[in-house]
Colleague: 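Here it is: the structure, laid out below.
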Amino acid sequence: QVQLVESGGGLVQAGGSLRLSCAASGGTFSNYDMGWFRQAPGKEREFVAAISRSGSSTYYSDSVKGRFTISRDNAENTVYLQMNSLKPEDTAVYYCSAGPAGSRRSREFDYWGQGTQVTVSS
C-alpha cells in the first residue's frame with residue numbers, strides 16, 4: 001500500500017556529507033513513523049535512525065549519533081537522512097522504512113524501499 005523510493009546515494013570521501021531522500025506514495029504519510037536502516041555485505045541489517053509521525057521525536061543508533069540527522073516533510077511525503085562526517089564503515093545499502101508509531105526494530109516496520117548504495121572512500 002505504501003511505496004518508498006530512496007535516492008541520493010553515491011560515492012563520497014571520508015569526512016564528507018551526503019543527503020538521502022525517501023519519497024513515499026500511497027497511504028497517508030503522516031500516519032507512519034519513518035526509519036532508516038543500513039546493511040553491509042555479510043552483516044545484519046542495522047538500525048540507523050527513526051522519526052515520529054509529527055517529526056517531534058527522533059532516535060539514533062550510537063554509531064551515527066551526532067553525525068546523522070533524520071527529518072521529514074509531511075507536505076512533501078518525504079523523509080531525509082543528512083549524513084555528515086562520513087566514515088568508511090558507513091558504507092552500506094541504506095533502506096527507508098515506514099511503520100506504526102513506536103517502530104524501532106527492523107521487524108516492526110511494515111514497508112521498505114529498495115535501498116540506495118552509499119560508499120565512503122578513505
Side-chain angles (χ1 to χ4, degrees):
Q1 186 175 3
V2 176
Q3 295 81 47
L4 305 172
V5 180
E6 303 95 334
S7 62
L11 175 64
V12 297
Q13 290 185 299
S17 298
L18 204 61
R19 190 188 194 194
L20 305 183
S21 298
C22 173
S25 61
T28 303
F29 181 71
S30 60
N31 284 348
Y32 297 93
D33 278 14
M34 301 296 295
W36 286 97
F37 291 77
R38 65 188 183 186
Q39 187 168 27
K43 298 186 68 177
E44 64 183 9
R45 185 167 292 188
E46 175 189 19
F47 171 79
V48 175
I51 188 167
S52 63
R53 290 170 293 176
S54 68
S56 61
S57 299
T58 57
Y59 308 88
Y60 299 93
S61 68
D62 289 340
S63 62
V64 307
K65 194 172 299 181
R67 299 189 298 120
F68 291 9
T69 302
I70 187 171
S71 61
R72 68 191 295 163
D73 186 341
N74 287 349
E76 296 291 334
N77 292 346
T78 303
V79 63
Y80 304 94
L81 185 68
Q82 178 67 47
M83 304 183 293
N84 298 327
S85 302
L86 283 162
K87 306 173 181 178
E89 49 263 46
D90 293 319
T91 296
V93 176
Y94 283 71
Y95 296 91
C96 176
S97 58
S103 294
R104 300 292 178 268
R105 302 175 184 177
S106 178
R107 66 183 182 180
E108 295 174 338
F109 287 86
D110 300 310
Y111 305 99
W112 295 84
Q114 292 281 70
T116 185
Q117 177 71 47
V118 172
T119 303
V120 184
S121 63
S122 58

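Hydrogens, waters and symmetry mates are skipped; everything else that's a heavy atom, side chains included, is used.
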Colleague: Are Tyr32 and Ile70 linked, directly or through intermediate hydrophobic residues, by side-chain heavy-atom contacts shorter than 4.5 Å (ILVMFWY only)?
Modeller: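 Linked within one cluster.
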Colleague: Should the heavy atoms of other residues, nucleotides or ligands under 6.0 Å from CD of Glu89 be counted, would the total exceed 12?
Modeller: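 Yes, because the 6.0 Å sphere around CD of Glu89 holds more than 12 heavy atoms from other groups.
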Colleague: Using modelled atom types only, decide if a donor and an acceptor are shared between the side chain of Ser97 and the backbone of Gly35 within a distance under 3.5 Å.
Modeller: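 Looks like yes, one N/O pair under 3.5 Å.
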Colleague: Would you tabulate the side-chain donor-acceptor contacts of residues 15-26 under 3.5 Å, counting partners in other chains and residues two or more places apart, or write 'none'?
Modeller:
unit_1: Ser17; atom_1: OG; unit_2: Asn84; atom_2: OD1; d: 2.9
unit_1: Ser25; atom_1: OG; unit_2: Gln3; atom_2: OE1; d: 3.4

Colleague: Rounded at 0.5 Å granularity, tell me how far OG1 in Thr28 sits from CD in Gln1.
Modeller: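 The OG1 atom of Thr28 sits 8.0 Å away from the CD atom of Gln1.
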Colleague: So which pairs with a foot in residues 26-64 pass disulfide (SG to SG under 2.5 Å), sequence neighbours left out?
Modeller: none
Colleague: With sequence neighbours excluded, tell me which residues meet side chain to side chain contact (heavy atoms under 4.5 Å, CB included) with Asn74.
Modeller: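 Expected list: Phe29, Ser30, Arg72.
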Colleague: Not counting sequence neighbours, which residues clear side chain to side chain donor-acceptor pair (under 3.5 Å) with Ser61? List them please.
Modeller: Ser63
Colleague: Which residues pass the salt bridge (charged side-chain N to carboxylate O under 4.0 Å, His left out) test with Lys65, sequence neighbours left out?
Modeller: Asp62
Colleague: The criterion is side chain to side chain donor-acceptor pair (under 3.5 Å); which residues satisfy it with Tyr94, sequence neighbours excluded?
Modeller: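 Scan of Tyr94 (side chain to side chain donor-acceptor pair (under 3.5 Å), adjacent residues dropped) gives Arg38.
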Colleague: Between Ser56 and Ser54 (side chain of the first, backbone of the second, donor and acceptor by atom type, cut-off under 3.5 Å), is there such a pair?
Modeller: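 The answer is no, because no donor-acceptor pair under 3.5 Å joins these two groups.
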Colleague: Quick one: list whatever passes side chain to side chain donor-acceptor pair (under 3.5 Å) with Ser71, sequence neighbours left out.
Modeller: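 Not a single residue meets the side chain to side chain donor-acceptor pair (under 3.5 Å) criterion with Ser71.
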Colleague: Is there any ring pair (Phe, Tyr, Trp, His ring centres under 6.0 Å) pair reaching into residues 40-87, and which pairs are they, with sequence neighbours excluded?
Modeller: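 Counting only pairs at least two positions apart or across chains, the ring pair (Phe, Tyr, Trp, His ring centres under 6.0 Å) contacts touching residues 40-87 are Phe37-Phe47.
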Colleague: Going by the disulfide (SG to SG under 2.5 Å) test, which pairs reach into residues 27-84, not counting sequence neighbours?
Modeller: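 Applying disulfide (SG to SG under 2.5 Å) to every pair that reaches into residues 27-84, excluding sequence neighbours, yields nothing.
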Colleague: Can you sort out the partners of Val120 under side chain to side chain contact (heavy atoms under 4.5 Å, CB included), two or more places apart, ordered by chain and number?
Modeller: Val12, Ala14, Leu86, Pro88, Asp90, Thr91, Val118
Colleague: Using salt bridge (charged side-chain N to carboxylate O under 4.0 Å, His left out) as the criterion, list what pairs up with Arg104, not counting sequence neighbours.
Modeller: Asp33
Colleague: With sequence neighbours excluded, what pairs up with Ser122 under the side chain to side chain donor-acceptor pair (under 3.5 Å) test?
Modeller: none
Colleague: Between the main-chain N or O of Cys96 and the side-chain N or O of Glu6, is there a donor-acceptor pair closer than 3.5 Å?
Modeller: yes
Colleague: Tell me if the CZ atom of Arg67 is crowded by more than 12 foreign heavy atoms within 6.0 Å.
Modeller: yes
Colleague: Specify the closest pair of heavy atoms between Ala49 and Leu81, including all atoms of both residues, with the distance to one decimal.
Modeller: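 Looks like CB-CD1, 4.3 Å.
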Colleague: Should Leu4 and Tyr95 be regarded as members of a common hydrophobic cluster, given that ILVMFWY residues are connected when their side-chain heavy atoms come within less than 4.5 Å of each other, either directly or indirectly?
Modeller: no
Colleague: What's the shortest heavy-atom distance between Trp112 and Ser106, and which atoms?
Modeller: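 Result for this residue pair: CZ2-O, 3.2 Å.
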Colleague: Can you tell me if CD on Gln114 sees more than 12 non-hydrogen neighbours from other groups inside 6.0 Å?
Modeller: no
